[in-house]
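Read through the structure below, which is laid out as structure tokens, and then see the notes.
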Amino acid sequence: MKPSRIWAWLALAVGALYFALPLIGTIEFSLRMRRGVYSFDAYRAVLSDPQFRATFSFSVFMALMTIVLGVLVIAPTAYWVRLKLPRWRPIVEFITLLPLVVPPIVLVFGYIRLYNTSSWLPLTGTAGGTNLLLLAGYTVLALPYMYRAVDTGLRTIDVATLTEAAQSLGAGWITIMARIILPNIMVAILSGAFLTFAIVIGEFVLAALLNRPAFGPYLQVLGANRAYEPAALAVITFAITWACMGLIQLVTRLQKHTQVPR
Amino acid sequence: MKPSRIWAWLALAVGALYFALPLIGTIEFSLRMRRGVYSFDAYRAVLSDPQFRATFSFSVFMALMTIVLGVLVIAPTAYWVRLKLPRWRPIVEFITLLPLVVPPIVLVFGYIRLYNTSSWLPLTGTAGGTNLLLLAGYTVLALPYMYRAVDTGLRTIDVATLTEAAQSLGAGWITIMARIILPNIMVAILSGAFLTFAIVIGEFVLAALLNRPAFGPYLQVLGANRAYEPAALAVITFAITWACMGLIQLVTRLQKHTQVPR
Amino acid sequence: MAFLDITRLEKFYGTTHVVKDFNLAVEKGEFISFLGPSGCGKTTTLRMVAGFETPSSGSIRIDGRDVVNLRPNQRNIGMVFQAYALFPNLTVAQNIGFGLKVAGRPRAEIDERVREMLGIIHLPELGGRFPFQLSGGQQQRVALARALAIRPKLLLLDEPLSALDAKIRVSLRQEIRAIQKKLGITTIYVTHDQEEALSMSDRIVVMNAGVAEQVGDPFTIYNRPATRFVAGFVGTLNALDAIVTDPATGSITLDGQPIRLNRPIDAAAGASIGLALRPETLALGPRPETDGSLRGTVRDVQFLGSVLRVRVALDGQVVALDSFNTAALRPPAVGDAVEVSFATADVLVSDG
Amino acid sequence: MAFLDITRLEKFYGTTHVVKDFNLAVEKGEFISFLGPSGCGKTTTLRMVAGFETPSSGSIRIDGRDVVNLRPNQRNIGMVFQAYALFPNLTVAQNIGFGLKVAGRPRAEIDERVREMLGIIHLPELGGRFPFQLSGGQQQRVALARALAIRPKLLLLDEPLSALDAKIRVSLRQEIRAIQKKLGITTIYVTHDQEEALSMSDRIVVMNAGVAEQVGDPFTIYNRPATRFVAGFVGTLNALDAIVTDPATGSITLDGQPIRLNRPIDAAAGASIGLALRPETLALGPRPETDGSLRGTVRDVQFLGSVLRVRVALDGQVVALDSFNTAALRPPAVGDAVEVSFATADVLVSDG
């Protein structure tokens with residue numbers, strides 16, 4: 001074996017140590033609720049908990065809303081920046097990275113200050129209003145991933161020339177967006193949506209501070225008070241993640257025009 | 001004004017609403033500690049707190065260690081995958097995205113299970129060992145950003161041809177890595193390092209569960225118990241972020257061979 | 001009034017003057033090429049006609065109507081791009097029918113037109129394929145069909161063959177020209193390849209640094225270049241210095257050897273003038289139909305396939321001459337003393 | 001024994017046989033071109049010599065030593081890539097000196113060699129520049145200097161001019177050849193451009209589908225192609241069908257018109273044979289030195305600049321003929337009845 005090969009395997013071994021071992025440990029632990037034998041008792045306990053169902057479906061709903069809002073805001077923006085404001089790209093990219101480096105807590109403080117019950121727009125006064133704030137916060141959190149995904153998708157097609165070709169054939173902006181741009185970056189949008197979903201499902205700080213019944217706080221509370229159930233929950237979350245991944249693969253395969261790498 | 005322009009401005013306005021307003025709100029609030037007038041009292045209070053200094057310098061140290069470990073592990077791996085295992089790239093990319101979708105809590109549970117005081121490698125028994133675990137966890141958290149940054153950097157150069165050119169001139173792997181690859185992706189590595197720095201400084205879950213005196217838990221505790229100081233802290237964190245950004249810009253400018261876009 | 005009328009067109013990018021006082025009148029059905037090096041303004045001019053760039057001043061009239069203030073999707077202009085620009089998510093048939101569908105035409109009409117267009121580009125069976133399943137040449141033919149399907153007033157082609165292989169380039173340029181003639185569509189073709197421009201066009205606009213240096217048919221452009229730039233850019237050229245001995249009879253000496261052009265020269269005796277001779281107008285050895293000759297030694301011989309390029313050193317200056325390669329004749333050896341003959345009518349004279 | 005000796009070289013990618021039984025002996029100082037279409041195995045063969053690919057079987061000997069098991073950085077081979085591959089973070093001088101620095105040579109020797117190399121590529125004043133500050137042509141010259149600075153045993157060039165503009169390509173190929181001759185370095189040059197291969201090489205290896213179809217000097221390759229592929233790939237060709245009337249005297253009829261080749265044909269009377277004629281060996285009108293002729297009508301005329309390509313329709317088949325353009329003569333009109341003359345010695349005969 002060449003020394004170069006050894007490096008590659010070493011890197012892979014390090015990767016496995018980091019990821020596989022903790023995961024296997026967690027799975028093994030989640031099966032040991034019943035003393036002495038492996039069982040699914042912890043999973044049964046988690047899945048039958050009505051609070052689990054309530055918080056999980058709340059978070060799923062919020063995640064889907066975040067994805068819709070994110071796509072509607074980000075896809076046209078990223079397209080426009082690529083097409084007409086290429087010199088602004090570094091600035092826009094920097095802005096979209098801000099949520100990664102500004103702690104979410106700053107965001108929440110700001111929101112609470114701006115929209116508290118005594119402000120001009122008392123959103124925190126009602127559950128619906130607070131949900132709206134939460135949605136806005138989630139969209140900001142998802143921004144870096146969504147923007148990067150969409151921008152990567154746009155990079156694989158020749159945005160400027162396709163737009164000009166469609167224009168010369170008489171198409172307006174809405175037609176171009178709906179018939180040419182969106183279909184061609186659908187896979188990229190899905191991968192961004194998938195990341196968004198995962199992030200919103202696991203998010204803790206925003207939901208806790210705005211006091212909404214989301215999955216993240218439920219996970220933390222469970223983690224602090226129980227032994228085996230959190231492990232089971234972690235495994236479930238992980239399984240959902242993989243299911244989403246598989247779904248994206250499936251969609252990619254079904255898209256005829258991307259069957260073969262171009 | 002064309003309708004297309006309006007879209008662009010609308011998108012920018014939405015961006016400003018999301019980011020600028022909460023930030024301005026936070027800054028304004030942080031200056032209002034003294035009743036009736038604006039003052040820097042909150043900042044003075046924060047900066048003079050010995051706990052702030054201790055936790056902040058601990059987190060800075062951990063961040064720097066994470067960056068060093070990350071670069072040493074990720075740069076050769078990404079280079080090798082690009083050069084010799086291009087078919088593995090989607091798999092490796094997927095692995096590096098895992099930390100985004102596996103909640104950190106799973107990681108910590110796994111670590112604690114594997115390395116507790118009764119295990120074959122009782123890392124959690126000593127402060128140094130726990131710090132090592134924390135470092136490993138941070139490296140995993142930083143993986144997606146670091147890998148993407150390095151990979152983006154590698155994309156801007158023709159890795160395969162540059163490697164072959166250096167080989168034909170008699171260079172071995174270490175020479176190629178140190179003299180050709182690393183200097184050319186330095187800016188990309190720095191931008192990855194900057195994100196890593198920001199993430200480690202703000203991280204809460206890992207540090208709290210492993211019970212290390214880091215900046216993240218300090219921020220949360222302060223946020224729960226004080227009014228004006230958290231806002232000041234958030235502003236300080238934000239300023240540090242911008243300072244890092246400026247530093248990167250400076251380094252980019254100073255690199256002679258990238259003065260003009262290629 | 002011409003079908004396409006461009007008058008006093010100017011374009012600035014910031015302070016850079018990329019198109020300068022461009023005027024052109026194109027008749028209906030004409031095939032016009034914009035020829036020039038990269039950065040000469042040819043693509044910018046084309047994009048102003050298409051509506052993707054806004055002129056700084058000047059007017060563009062198509063069929064009598066000023067289109068400067070119309071948006072690209074209102075101009076009814078077919079456009080073919082260097083990068084094909086087929087929509088990757090649509091089939092070939094959907095690509096070709098896209099413009100008609102946007103215009104809201106009935107389905108039957110679209111299907112009929114798509115079938116007709118697929119016939120014209122000789123790909124009748126490929127309607128169901130996706131662009132990535134086609135070769136580059138096929139993709140560009142589909143792009144052409146898509147541009148023509150909307151029955152545009154004007155067809156614009158922006159270096160459509162640059163991304164293709166040499167052999168496909170040659171066959172596709174014949175096909176494009178044949179389709180253009182068949183449909184009688186007014187066409188502007190942008191290229192940096194002189195052979196493309198010369199072989200396809202009714203007229204060529206040679207551009208340099210934003211200026212149209214010469215407008216004329218291919219034969220005129222090649223044989224009677226109006227400016228030094230056109231002479232150098234289109235074809236190969238020997239540029240030689242000579243000294244006038246008798247302006248009235250056109251007698252000159254080139255590196256000491258006398259030549260008589262048999263036409264008056266606009267320069268004083270003893271003045272230095274510049275001569276330009278194309279390598280293919282020169283021949284090795286004396287020929288009955290030529291009236292000029294020079295003696296020299298062979299500097300080097302390049303075998304280019306069908307053409308043999310021999311460079312002959314005179315007393316200081318070097319002339320290159322092209323001759324067709326024949327299997328029977330081995331090329332001359334380096335160092336041979338040779339005679340180079342030419343028709344004095346082919347000698348272009350410019351001021352030194 | 002030759003300086004570079006490649007014997008029975010084979011390369012498989014999985015089950016794809018990309019190089020088949022490749023044999024070549026190159027003498028010291030020779031300039032060899034690998035010519036062929038993309039995917040013919042020419043680059044793979046070159047990369048096996050450089051060490052970037054491992055042969056499935058066969059041997060590569062340089063100066064008597066088998067290098068197959070040596071890593072690329074142990075082979076002492078200079079390589080120039082299509083994409084220049086200059087190190088962006090190093091100056092021109094540092095790039096050229098890189099190989100010597102890696103070899104641990106003293107600083108004074110490196111500086112001296114760099115200066116010498118900069119002189120050879122005629123860029124003595126650009127040592128302090130970074131690659132991005134150079135034009136494509138300059139970058140490629142620096143890449144050449146970098147490859148030569150280590151005094152390699154062998155210089156390999158992989159389509160070095162493909163990324164450059166036409167005019168720079170022509171001047172740079174002359175420069176590369178001049179430097180190669182001056183240093184006397186054994187060189188392998190990979191290209192898909194027949195004109196490059198014909199004008200630069202001592203010998204050409206024409207490759208197709210992994211097989212070396214013909215090895216020979218440019219003149220032989222062009223005028224006496226060994227296979228149908230070589231004949232078609234190198235240069236343009238009229239492929240015509242004819243019927244043998246008298247094999248002994250070489251009498252045939254082409255679309256009803258009799259031709260007498262004056263040499264025996266290896267076919268029975270009444271059999272169909274294939275003829276191949278290069279367009280430049282045909283001429284319009286009768287000429288004293290030709291002994292064959294055909295009558296037909298002008299189908300179309302293409303003006304290619306220095307060359308005028310006329311396609312003449314016989315009774316069903318079409319022949320293309322090239323002639324040099326002269327300003328005095330206007331091209332023939334489409335539909336004119338013309339006579340096409342040629343030397344029967346230039347007619348290549350293949351079995352139908």
Side-chain angles (χ1 to χ4, degrees), chain C residues 37-38 165-167 170 173-174 177-178 192-201 204 217-224 232-237 278-283 288-289 300-309 311 322-331 342-343 345-348, chain D residues 37-38 165-167 170 173-174 177-178 192-201 204 217-224 232-237 278-283 288-289 300-309 311 322-331 342-343 345-348:
Chain C
S38 53
D165 286 343
K167 298 239 160 181
V170 171
R173 78 184 181 211
Q174 291 171 5
R177 178 59 162 153
H192 65 269
D193 181 332
Q194 44 143 326
E195 201 177 292
E196 267 177 29
L198 291 170
S199 64
M200 298 176 83
S201 320
I204 298 173
D217 68 278
F219 198 78
T220 308
I221 294 281
Y222 189 84
N223 289 313
R224 286 190 286 282
F233 187 77
V234 182
T236 317
L237 208 66
R278 300 225 178 253
E280 72 270 15
T281 59
L282 295 161
E289 70 272 26
D300 60 30
V301 177
Q302 279 179 31
F303 182 58
L304 308 177
S306 65
V307 166
L308 207 63
R309 175 161 296 170
R311 297 205 306 150
D322 285 355
S323 60
F324 281 130
N325 155 54
T326 51
L329 230 76
R330 276 266 162 183
F342 55 91
D346 290 334
V347 179
L348 305 169
Chain D
S38 54
D165 286 344
K167 299 240 159 180
V170 171
R173 78 184 179 212
Q174 290 172 3
R177 179 58 160 152
H192 65 269
D193 180 333
Q194 43 142 329
E195 201 178 292
E196 266 177 29
L198 291 170
S199 64
M200 296 175 85
S201 319
I204 297 174
D217 68 277
F219 198 79
T220 308
I221 295 280
Y222 190 84
N223 290 313
R224 287 190 287 280
F233 186 77
V234 183
T236 318
L237 208 67
R278 300 223 179 254
E280 72 269 15
T281 61
L282 295 159
E289 69 273 24
D300 60 31
V301 177
Q302 279 178 29
F303 182 59
L304 307 177
S306 66
V307 166
L308 206 65
R309 175 161 296 172
R311 297 206 307 150
D322 286 354
S323 59
F324 280 129
N325 155 53
T326 50
L329 230 76
R330 276 264 161 185
F342 55 91
D346 289 334
V347 178
L348 303 169

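Chain naming here is simple, since letters A, B, ... match the order of the sequence lines and numbering starts at 1 in each.
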Fill in: Partner residues of D:Glu196 under the salt bridge (Lys or Arg N to Asp or Glu O under 4.0 Å) criterion, sequence neighbours left out
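For D:Glu196 there are no salt bridge (Lys or Arg N to Asp or Glu O under 4.0 Å) partners, ignoring immediate neighbours.
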Worksheet item: Residues two or more places apart in sequence or in another chain: which of them pass salt bridge (Lys or Arg N to Asp or Glu O under 4.0 Å) with C:Asp300?
Response: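 With sequence neighbours excluded, C:Asp300 shows a salt bridge (Lys or Arg N to Asp or Glu O under 4.0 Å) to C:Arg311, given in chain and number order.
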Considering only heavy atoms, which portion of [X] lies under 4.5 Å from any heavy atom of chain C: side chain, backbone, both, or neither?
X        : value
D:Phe342 : neither
D:Gln302 : side chain
D:Asp193 : neither

Worksheet item: Between D:Val234, D:Asp322, D:Val170, which has the largest tally of heavy atom pairs under 4.5 Å with chain C?
Response: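 Counting heavy-atom pairs under 4.5 Å, the top option is D:Asp322.
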Item to complete: Please state whether the rings of D:Phe303 and C:Tyr222 are parallel, tilted or perpendicular, taking 30° and 60° as the class boundaries.
Response: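 The rings of D:Phe303 and C:Tyr222 stand perpendicular, inter-plane angle above 60°.
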Practice prompt. Starting at CD1 of D:Ile221, measure out to CD of D:Gln194 and round the result to the nearest 0.5 Å.
Written response: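 Rounded to the nearest 0.5 Å, the CD1-CD separation comes out at 11.5 Å.
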Discussion item. Determine whether a donor-acceptor pair (N or O, by modelled atom type, separation under 3.5 Å) exists between the side chain of C:Arg309 and the backbone of C:Pro279.
Written reply: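 A pair under 3.5 Å: no.
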Discussion item. Under a 4.5 Å cutoff for heavy-atom pairs, which residue among C:Pro37, C:Ser323, C:Ala343, C:Gly235 has the most contacts with chain D?
Written reply: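 Top option by heavy-atom pairs under 4.5 Å: C:Ser323.
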